[in-house]
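Let me begin by presenting the structure, written as structure tokens, before commenting on it.
Nothing here was measured: the structure is a model prediction, and the numbers come from that model.
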Amino acid sequence: MLSQLAQAGVNLLAFSAIPTGTDQTQLMIFPEDETLLVCAAEDSGPTLAGPQHAFLCHGDDKQGALAEFHRLLCNVDINVYASSGVSDNRGRFG
């Protein structure tokens, strides 16, 4: 599926894959251009649901960086359902 999206020119800002059964996977896909994703899905057949809402944050990696983002969201009554993060080992995180 990811190869098909790449061939269709869909640039992903983020994605997550979660197994939902022995032969199924739920993908959360956050494209740079939603229109390209919709067109690619129409051509290849997967069912899209959404849109889902997400905050994509990145910055200089330091201890507690993601905790600070969560604190800011909490302070404005935004409830975070799920979260993940990654570091690039070069001083940046997302």
side-chain contact (heavy atoms from CB on, under 4.5 Å) assessment of L13 paired with E32
CA-CA 6 Å; L13 300 176; E32 184 174 56; 4.1 Å; yes

Walk me through it: do D33 and N11 pass the test side-chain contact (heavy atoms from CB on, under 4.5 Å)?
CA-CA 7 Å; D33 183 338; N11 182 42; over 6 Å; no

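For the atom pair I78 CD1 and F69 CZ, the distance stands at 12.5 Å (nearest 0.5 Å). Annotation: the span from N89 atom CG to D61 atom CG amounts to 8.5 Å, rounded to 0.5 Å. Between the CD atom of E68 and the NZ atom of K62 there is a distance of 7.0 Å, given to the nearest 0.5 Å. For the atom pair CG (L36) and CG (L12), the distance works out to 10.5 Å, reported to the nearest 0.5 Å. To the nearest 0.5 Å, atom CD1 of residue I18 and atom CE of residue M28 are 7.0 Å apart. Atom CD of residue Q26 and atom OG1 of residue T20 lie 6.5 Å apart, to the nearest 0.5 angstrom.
The two residues L5 and A40 come nearest to each other via the heavy atoms CD2-CB, 3.9 Å. Residue L66 comes nearest to C57 through the heavy atom pair CD2-SG, 4.1 Å, listed as atom of the first residue, atom of the second, then distance. Summarising the geometry of Q52 relative to A49, their closest heavy-atom pair is NE2-O, 4.3 Å, with the distance given to 0.1 Å. The minimum heavy-atom distance linking V10 with P31 is given by the pair CG1-CB, 4.0 Å. Nearest heavy-atom pair, L73 versus V80, reported as atom, atom and distance to 0.1 Å: CD1-CG2, 3.9 Å. When all heavy atoms of L2 and F15 are compared, the pair lying nearest together is CD1-CZ, 3.7 Å.
Between H70 and S83, the closest side-chain pair of non-hydrogen atoms falls below 4.5 Å.
F30 and L27 are members of different hydrophobic clusters when ILVMFWY side chains are connected at heavy-atom separations under 4.5 Å.
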